[in-house]
Amino acid sequence: MANRDQADITGLLAAWNSGDAEALEPLIDLVYPELRRIAHQYLEHRAGQTLESAALANEAYLKLVRAGGIRCENRVHFLALCSQIMRRILVDHARRGGSLKRGGNEVRMPLDEVLLAAQARGVEVLALHEALNALTRIDARKSRVVELRYFGGLSIEEAAEVVGVSAETAKRDWRMARAWLRATLSDRSSYDR
C-alpha cells in the first residue's frame with residue numbers, strides 16, 4: 001500500500017473515530033481490497049468451506065458500519081480490528097453449521113503448514129477458537145499474535161506493532177504459540193476419536 005494511502009487511511013480513521021460516519025466509505029474503499037485478499041487467503045483450499053471470501057469481507061464491512069466510530073490509530077490497528085471481526089464471523093458460521101447436527105457440516109481449516117504439517121485434514125474452527133481462548137488464559141499476548149497473523153493476515157512486524165513488542169518478541173510468541181496449539185489440538189483430536 002502506498003505511503004499516500006497510509007496517510008489517507010490514518011486521516012480517515014481519525015475522522016471516523018470522531019464520529020464522521022461518511023469517512024467509513026472512503027476508508028473501506030482503501031482497505032477493502034486488503035480485506036478481500038486476507039479473506040481469500042484464509043479461505044483458499046478449505047475443504048467443505050461454504051463461506052466465500054467476498055461474503056467474509058462484506059460481513060466484516062457490515063459489522064464495522066454497525067459499530068460506528070472505533071478507536072484505531074492506523075492501518076495496522078484497523079486490520080487488527082478486522083482480524084477480530086473475521087474470527088468472530090468464522091466462529092459464528094462454524095457454530096451455525098455445526099448446530100445443524102452435532103459434528104455435521106463442520107468447517108475444517110488448516111492452521112498453517114508449519115503448525116499442522118502432520119495433520120493434513122485441518123483444524124475445525126471451533127476447536128481452534130477454544131484453543132485460542134485457553135491460550136489467552138495462559139498468555140493473552142501469544143494468543144493475540146496468533147489471531148492477528150492467522151485471522152488478520154498481518155505480518156510478524158505488524159502484529160508486533162499492534163501488541164507493542166519488538167518483532168523478535170513477536171516471532172518468539174508466534175513460534176511458542178504454534179507449538180502450544182499444535183500440542184493442544186493434537187491432544188484434542190486424539191480424544192475425539
Side-chain angles (χ1 to χ4, degrees), residues 1-18 27-28 30-44 56-57 60 63-64 67 69-91 109-119 123 125-188:
M1 200 173 271
N3 285 341
R4 183 175 182 274
D5 287 349
Q6 298 252 1
D8 289 346
I9 289 171
T10 302
L12 289 167
L13 281 169
W16 188 44
N17 290 337
S18 298
L27 174 63
I28 291 297
L30 289 171
V31 178
Y32 187 79
E34 195 157 356
L35 287 178
R36 283 290 304 269
R37 180 193 59 77
I38 292 167
H40 178 74
Q41 176 184 339
Y42 183 81
L43 296 173
E44 189 175 37
L56 179 56
K63 288 191 180 291
L64 287 167
I70 297 174
R71 297 272 177 235
C72 294
E73 295 175 22
N74 55 34
R75 173 188 156 272
V76 173
H77 284 144
F78 182 74
L79 292 174
L81 170 66
C82 291
S83 71
Q84 289 179 324
I85 290 171
M86 286 185 180
R87 176 181 175 187
R88 289 182 191 131
I89 292 166
L90 289 165
V91 168
M109 301 182 181
L111 184 56
D112 74 3
E113 288 75 352
V114 177
L115 179 60
L116 294 173
Q119 292 185 347
V123 172
V125 172
L126 293 177
L128 175 59
H129 175 67
E130 291 167 6
L132 282 174
N133 285 343
L135 180 57
T136 298
R137 290 188 291 276
I138 297 166
D139 191 326
R141 188 180 73 208
K142 286 178 180 63
S143 178
R144 183 74 171 127
V145 168
V146 171
E147 180 181 65
L148 293 167
R149 302 247 319 131
Y150 185 64
F151 290 99
L154 273 65
S155 69
I156 286 287
E157 293 75 16
E158 291 170 328
E161 180 182 332
V162 171
V163 297
V165 297
S166 71
E168 283 304 311
T169 298
K171 284 178 190 174
R172 278 191 304 276
D173 285 353
W174 176 238
R175 282 192 304 266
M176 292 176 73
R178 287 185 312 185
W180 187 89
L181 287 168
R182 182 183 305 120
T184 300
L185 293 169
S186 294
D187 287 348
R188 180 188 165 131

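For the numbers below, each heavy atom of this structure counts, side chains included, while hydrogens, waters and symmetry mates do not.
Here Leu135 contributes atom CG and Leu181 contributes atom CG; the two are 5.5 Å apart, rounded to the nearest 0.5 Å. Atom-to-atom distance recorded for Lys142:NZ and Glu147:CD is 16.0 Å, nearest 0.5 angstrom. Atom CZ of Arg141 is separated from atom CG of Asp173 by 4.0 Å, given to the nearest 0.5 angstrom. To the nearest 0.5 Å, atom CE of residue Met176 and atom CD1 of residue Ile138 are 11.0 Å apart.
The shortest non-hydrogen separation linking Ile156 to Ala167 is CG2-O, 3.6 Å. The shortest non-hydrogen separation linking Thr184 to Ala131 is CG2-CB, 4.2 Å. Between Val146 and Ala177, the shortest heavy-atom distance links the atoms CG2-CB, 3.4 Å. Taking both residues in full, the closest heavy atoms of Leu154 and Val76 are given as CD2-CG1, 3.8 Å, listed atom of the first, atom of the second, then distance.
Tyr150 places none of its side-chain heavy atoms less than 4.5 Å from the side chain of Leu132. Contact check for Leu148 versus Val163: side-chain heavy atoms found under the 4.5 Å cut-off. Two residues are said to be in side-chain contact when any heavy atoms from C-beta on lie closer than 4.5 Å; Ser83 and Arg144 meet this criterion. Looking at Trp174 and Arg149, their side chains come closer than 4.5 Å, going by heavy atoms from C-beta outward.
With hydrogens and angles disregarded, no donor-acceptor distance shorter than 3.5 Å links the side chain of Ser143 to the backbone of Ala140.
Take Glu158 and apply the salt bridge (Lys or Arg N to Asp or Glu O under 4.0 Å) test, not counting sequence neighbours, and it matches Arg75. Evaluation of the side chain to side chain donor-acceptor pair (under 3.5 Å) rule for Thr169 yields Ser166, Arg172 as partners, not counting sequence neighbours. Applying the side chain to side chain donor-acceptor pair (under 3.5 Å) rule to His129 yields the partners Arg87, Asn133; only residues at least two apart in sequence or on another chain are considered.
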